[in-house]
Amino acid sequence: QVQPVESGGGLVQAGGSLRLSCAASGRSFSSYAMAWFRQAPGKEREFVAAIGWSGDSTYYADSVKGRFTISRDNAKNTVYLQMNSLKPEDTAVYYCAAGGSVLPASWGYDYWGQGTQVTVSS
């Protein structure tokens, strides 16, 4: 069992960059696939990116492909989301999640963080 805790959100201008971190407590972190989701006001939670337990497999939503990069450091029990070329439509609460497989769906993840706010101004 793991407990993800997100950090790194904030306010940034369009075109800027942010790096989100997700530190997950628990000794079994390296056995979990990790993912980022986001939820904008009035919208459904949507998949952003996912990474397999070893870091070799990654999967991205089309809306962020080429701009966002997911990575992980199992020695630090941490997963990252590097976000470049940010757009106002990237504004949302970003959630980190842990699950058994790399899946682009929230039902595939068992453990969730509380979220971190990302706001991109135009």
Side-chain angles (χ1 to χ4, degrees):
Q1 167 169 339
V2 294
Q3 180 55 56
V5 178
E6 305 92 340
S7 62
L11 173 64
V12 64
Q13 288 189 330
S17 299
L18 277 177
R19 188 176 82 155
L20 304 183
S21 298
C22 172
S25 62
R27 298 172 64 182
S28 57
F29 172 81
S30 60
S31 65
Y32 285 93
M34 300 297 294
W36 289 94
F37 289 78
R38 67 186 182 186
Q39 188 167 18
K43 295 189 176 181
E44 299 278 326
R45 186 171 298 187
E46 66 172 357
F47 170 77
V48 175
I51 188 167
W53 65 271
S54 68
D56 288 345
S57 60
T58 56
Y59 190 84
Y60 295 93
D62 288 343
S63 60
V64 306
K65 202 171 292 183
R67 299 188 298 123
F68 291 11
T69 302
I70 189 171
S71 61
R72 67 188 296 161
D73 185 340
N74 287 340
K76 295 182 178 180
N77 280 18
T78 302
V79 63
Y80 304 98
L81 185 68
Q82 178 66 44
M83 306 186 294
N84 299 328
S85 302
L86 282 161
K87 305 174 181 180
E89 51 263 44
D90 294 317
T91 295
V93 177
Y94 283 69
Y95 298 90
C96 178
S101 302
V102 177
L103 293 170
S106 58
W107 53 260
Y109 297 88
D110 302 308
Y111 306 102
W112 291 81
Q114 294 299 306
T116 185
Q117 176 71 47
V118 172
T119 303
V120 184
S121 63
S122 58

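Numbering of residues begins at 1 and proceeds along the displayed sequence. Remember, it's a predicted structure, so these values are computed and weren't measured experimentally.
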inquiry  = Using the rule given for side-chain contact (heavy atoms from CB on, under 4.5 Å), can you reason through Trp36 versus Phe68, listing the C-alpha separation, both sets of side-chain angles and the distance that settles it, and then say yes or no?
reply    = CA-CA 11 Å; Trp36 289 94; Phe68 291 11; over 6 Å; no
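- Using a distance-only test at 3.5 Å, with no hydrogens or angles considered, no donor-acceptor pair links the side chain of Thr58 to the main chain of Ile51.
- Of all non-hydrogen atoms in Lys76 and Thr78, the two that sit nearest each other are O-OG1, 2.8 Å.
- For the atom pair OG of Ser7 and CZ of Arg19, the computed distance is 9.0 Å after rounding to the nearest 0.5 Å.
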query = Checking side-chain contact (heavy atoms from CB on, under 4.5 Å) for the pair Leu20/Glu6: CA distance, chi angles, key distance, verdict?
reply = CA-CA 7 Å; Leu20 304 183; Glu6 305 92 340; over 6 Å; no
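- Residues Arg45 and Trp112 are in side-chain contact: their nearest non-hydrogen atoms beyond the backbone lie under 4.5 Å apart.
- The nearest pair of heavy atoms linking Arg67 to Asp90 is NH1-OD2, 2.7 Å.
- For Lys65, the NZ atom sits in a packed shell: over 12 heavy atoms of surrounding residues, nucleotides or ligands are nearer than 6.0 Å.
- The ring pair (Phe, Tyr, Trp, His ring centres under 6.0 Å) test with Phe37 singles out one residue from Tyr94, Phe47, Trp107, and that residue is Phe47.
- Note that the OG atom of Ser106 and the CD atom of Glu46 stand 11.5 Å from one another [nearest 0.5 Å].
- In this structure, OG1 on Thr91 lies 7.0 Å from CD on Gln117, to the nearest 0.5 angstrom.
- A distance of 11.0 Å separates CG of Asp73 from OG of Ser30, quoted to the nearest 0.5 Å.
- Across all their heavy atoms, Ala50 and Tyr109 have their closest contact at CB-OH, 3.6 Å.
- Annotation: cation-pi geometry satisfied between Arg72 and Phe29 (NZ/CZ under 6.0 angstrom from ring centroid, within 45° of ring axis).
- Val64 is listed as a side-chain neighbour of Arg38, based on a closest heavy-atom distance under 4.5 Å.
- Closest approach of Met34 and Ile70 over heavy atoms only: O-CD1, 4.0 Å.
- When all heavy atoms are compared, the tightest approach of Ala49 to Leu81 is CB-CD1, 4.2 Å.
- Counting non-hydrogen atoms of other residues, nucleotides and ligands closer than 6.0 Å to OH of Tyr59 gives a total of 12 or fewer.
- Residues Tyr95 and Leu18 are members of separate hydrophobic clusters, defined by side-chain heavy-atom contacts under 4.5 angstrom among Ile, Leu, Val, Met, Phe, Trp and Tyr.
- Within the 4.5 Å cutoff, the side chain of Val2 has heavy atoms near those of the Ser28 side chain.
- Under a hydrophobic clustering in which Ile, Leu, Val, Met, Phe, Trp and Tyr are joined whenever their side-chain heavy atoms come within less than 4.5 Å, directly or via other members, Val12 and Met83 fall into the same cluster.
- For Asn77 (side chain) and Ala24 (main-chain N/O), a donor-acceptor pair under 3.5 Å exists by modelled atom type.
- A heavy-atom distance below 4.5 Å is not found between the side chains of Val102 and Trp53.
- Closest of all the heavy-atom pairs between Val79 and Ser71 is CG2-O, 3.0 Å.
- The closest side-chain heavy-atom distance from Val120 to Glu89 is not below 4.5 Å.
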